[in-house]
S.K.: 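Can you read through this structure? Questions will come right after.
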Amino acid sequence: MAGLGERIQQADWKKEKHVPVIECPDEVQPDEFFEVKTTLGKAVAHPNTTEHHIRWITLYYHGEGENFPLQLGRFEFTAHGEHATGANKGPAYTNHSGVCSVKLAKSGTLLAAAYCNIHGLWEYSKPITVQ
Ligand code: FE2
């Protein structure tokens, strides 16, 4: 039986519109807060319509030598033009990006997972050095 891990897709975010991107410094100071922005569609735009959109992006951190990743933040995008008069008639859209403030005690890897309501799960990772 195929597990969830085998269903999470990976690709180059510069070519594939579903891959979340993590934007933050490559190196940070221990225990000093810095901002991490997770976006999607940075190089190739993803649609944001009632029928086809990004529902959420979740950001994780896996510290060196740790057994398990920790969830740092979760961004839900819940307005995609829905309206009583019909799809894409609404006045509000949430775009697929989110920022959170993070501090780390040691180096590790930041990981982001994103979910498209049509094209499933996608992931990305970025090493981060604490010194
Ligand atoms: Fe999609």
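Whatever order the structure lists them in is the order used to number ligands and atoms, beginning at 1.
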S.K.: Under a plain distance cut-off of 3.5 Å, with no hydrogens placed, do N117 and E51 share a side-chain donor-acceptor pair?
M.R.: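 Not at all, the side chains of E51 and N117 share no donor-acceptor pair under 3.5 Å.
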S.K.: Salt bridge (charged side-chain N to carboxylate O under 4.0 Å, His left out), that's the test. Do K126 and E23 meet it? Break it down for me.
M.R.: CA-CA 9 Å; K126 172 186 166 62; E23 296 181 273; over 6 Å; no
S.K.: Tell me, which protein N/O/S atoms are under 2.8 Å away from the Fe ion (ligand 1)?
M.R.: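 Listed by chain and number, the atoms are H18 NE2, H46 NE2, H52 NE2, C116 SG, H119 ND1.
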S.K.: Taking side chain as C-beta onward, heavy atoms only, is N48 less than 4.5 Å from N95?
M.R.: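 SC-SC contact between N48 and N95 confirmed.
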S.K.: L72 and side chain to side chain contact (heavy atoms under 4.5 Å, CB included): which partner among T58, V36, L110, T38?
M.R.: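 That would be L110.
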S.K.: If you measure only the distance, is there a donor-acceptor pair under 3.5 Å linking the side chains of H53 and H96?
M.R.: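 No, H96 and H53 have no side-chain donor paired with an acceptor closer than 3.5 Å.
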S.K.: Answer yes if the side chains of E123 and Q9 hold a donor-acceptor pair under 3.5 Å, and no otherwise.
M.R.: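 No, no side-chain donor-acceptor pair sits under 3.5 Å.
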